Amino acid sequence: VDLKAYPGLADLSKDYLAGNIQGRANLTLDAINEAYEGLNHKVVAAIDYSSGSDGIIGSKDIKEFRDIKGKRVAFEHGTLEEFLFRYALEENGMTLSDVTPLNMDPESSAKAVVSGEADAAVTYEPYMGQALSESGGNMIYSSAKAPGLITDVLTFHSDFIQAYPGTAEAVIDAFFRGVEF
């Protein structure tokens with residue numbers, strides 16, 4: 001097994017879809033979207049879930065989730081952040097049309113709350129904690145309120161699993177031995 005590190009998810013996904021790598025740590029949402037794009041792959045293990053490290057933060061004036069109505073909310077469109085945001089909106093009886101969306105990556109979203117460019121942001125740690133500290137803002141929704149919604153999985157191309165079933169099992173075993181260590 002050769003491990004390969006990627007600076008961002010876009011390059012990782014591109015290589016995975018192209019078959020340049022056969023397995024990856026993946027978000028459940030991305031695994032589903034990759035299957036919709038025609039990739040024949042399988043989830044072989046759940047490896048982590050978010051219990052508060054992803055969330056929606058607001059400026060000082062945004063004290064509760066419902067306070068975002070009519071406000072500027074920064075999040076990266078078409079990603080897990082949008083998925084979490086839409087889930088929180090639905091839980092609170094709102095839709096995307098109730099806010100002014102700003103398309104920014106998670107780090108820029110957090111910084112936008114600090115600078116005042118956005119009233120709220122969907123982001124994750126460490127950006128979330130830094131922005132809350134710098135802005136004096138508020139955590140208005142956390143992935144802890146949606147257990148299991150954001151789950152990381154290990155996926156492999158189906159043809160790789162068929163050709164090398166022992167390798168996929170060995171990677172799973174090694175991963176969990178590493179976690180235990």
Side-chain angles (χ1 to χ4, degrees), residues 3-17 24-34 36-37 46-155 178-179:
L3 296 178
K4 188 170 182 183
Y6 288 85
L9 292 177
D11 289 338
L12 170 61
S13 293
K14 182 180 169 187
D15 269 3
Y16 186 58
L17 286 168
R24 69 171 280 197
N26 211 341
L27 298 166
T28 303
L29 179 64
D30 289 345
I32 292 166
N33 287 335
E34 289 161 351
Y36 285 150
E37 290 180 36
I47 56 175
D48 193 17
Y49 65 92
S50 179
S51 59
S53 60
D54 299 84
I56 304 165
I57 59 173
S59 65
K60 289 180 193 175
D61 299 333
I62 309 286
K63 307 241 187 273
E64 298 178 9
F65 190 87
R66 68 174 185 234
D67 296 337
I68 67 166
K69 192 166 188 161
K71 303 294 186 189
R72 300 163 297 161
V73 182
F75 61 91
E76 191 169 14
H77 297 184
T79 66
L80 177 69
E81 287 73 38
E82 181 176 353
F83 177 71
L84 175 63
F85 186 49
R86 285 179 181 267
Y87 182 87
L89 284 167
E90 186 175 311
E91 270 198 340
N92 286 276
M94 290 188 261
T95 67
L96 206 53
S97 65
D98 290 313
V99 301
T100 301
L102 304 174
N103 188 14
M104 298 181 187
D105 65 61
E107 182 178 10
S108 299
S109 294
K111 288 178 178 179
V113 170
V114 174
S115 72
E117 185 181 349
D119 302 298
V122 187
T123 188
Y124 50 79
E125 293 297 354
Y127 312 122
M128 188 164 59
Q130 291 169 350
L132 287 171
S133 175
E134 291 175 26
S135 70
N138 301 292
M139 172 68 73
I140 59 172
Y141 193 88
S142 160
S143 58
K145 293 182 180 180
L149 183 71
I150 300 173
T151 303
D152 296 332
V153 294
L154 184 60
T155 59
V179 169

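Since the model is a prediction, treat every value here as computed from it, not as a measurement. One is the number of the first residue; the rest follow in order along the sequence.
The line from CG of Leu84 to OG1 of Thr79 is 9.5 Å long, rounded to the nearest 0.5 Å. The distance from atom CG of Leu80 to atom CG of Asp30, rounded to the nearest 0.5 Å, is 7.5 Å. In this structure, Asp48 CG and Thr151 OG1 are separated by 8.5 Å, a value rounded to the nearest 0.5 Å. Atoms CD1 and CD1, from Ile68 and Ile62 in turn, are 7.5 Å apart once rounded to the nearest 0.5 Å. Atoms CG and CD1, from Asn138 and Ile56 in turn, are 13.5 Å apart once rounded to the nearest 0.5 Å. Taking CD of Glu107 as the start and OG1 of Thr123 as the end, the distance is 8.5 Å to the nearest 0.5 Å.
Scanning both residues, Lys71 and Asp67, for their nearest heavy atoms gives CG-O, 3.5 Å. The minimum heavy-atom distance linking Ala131 with Ile57 is given by the pair CB-CD1, 3.6 Å. Considering every non-hydrogen atom in both Leu102 and Arg72, the closest pair reads CD1-CB, 3.8 Å. Residues Ala25 and Ile47 approach most closely at CB-CD1, 4.0 Å, considering heavy atoms. Between Ala120 and Val113, the shortest heavy-atom contact is C-CG2, 3.6 Å. Closest non-hydrogen pair, Ser109 versus Ala121, comes out as O-CB, 3.2 Å.
Counting only residues at least two apart or in different chains, ring pair (Phe, Tyr, Trp, His ring centres under 6.0 Å) contacts with residues 85-116 comprise Phe75-Phe85. The side-chain hydrogen bond (donor to acceptor under 3.5 Å, both in side chains) analysis of residues 55-64, with sequence neighbours excluded, yields the pairs Glu64-Arg66. The ring pair (Phe, Tyr, Trp, His ring centres under 6.0 Å) pairs that include a residue from residues 104-134 are Tyr124-Tyr127, where partners are two or more places apart or lie in different chains.
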Kindly determine whether Asn92 and Tyr141 satisfy side-chain hydrogen bond (donor to acceptor under 3.5 Å, both in side chains), including the steps that lead there.
CA-CA 10 Å; Asn92 286 276; Tyr141 193 88; over 6 Å; no
Val114 vs Gln130, test: side-chain contact (heavy atoms from CB on, under 4.5 Å). Steps then yes/no.
CA-CA 9 Å; Val114 174; Gln130 291 169 350; over 6 Å; no
Decide yes or no on side-chain contact (heavy atoms from CB on, under 4.5 Å) for Met139 and Met128, but give the supporting numbers first.
CA-CA 9 Å; Met139 172 68 73; Met128 188 164 59; 3.2 Å; yes
Report the C-alpha distance between Phe65 and Leu89 in whole Å, list the side-chain angles of each, state the deciding distance to 0.1 Å, and finish with yes or no for side-chain contact (heavy atoms from CB on, under 4.5 Å).
CA-CA 8 Å; Phe65 190 87; Leu89 284 167; 4.0 Å; yes
Evaluate the criterion side-chain contact (heavy atoms from CB on, under 4.5 Å) for residue pair Thr100 and Asp119; output intermediate values, then yes/no.
CA-CA 10 Å; Thr100 301; Asp119 302 298; over 6 Å; no
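For Arg24, the side-chain hydrogen bond (donor to acceptor under 3.5 Å, both in side chains) partners two or more places apart in sequence, or in a different chain, are Ser13, Asn26, Glu34. Legend: residues meeting side-chain hydrogen bond (donor to acceptor under 3.5 Å, both in side chains) with Ser50, ordered by chain and number and at least two apart, are Ser53, Asp54, Ser143. Every residue meeting the side-chain hydrogen bond (donor to acceptor under 3.5 Å, both in side chains) condition with Thr95, not counting sequence neighbours, appears here in chain and number order: Ser97.
Using a 4.0 Å cut-off between a side-chain N of Lys or Arg and a carboxylate O of Asp or Glu, Glu90 and Arg86 do not qualify as a salt bridge.
Around atom CD of Glu117, no more than 12 heavy atoms belonging to other residues, nucleotides or ligands sit under 6.0 Å away.
Within the 4.5 Å cutoff, side-chain heavy atoms of Asn103 are placed close to those of Glu76.
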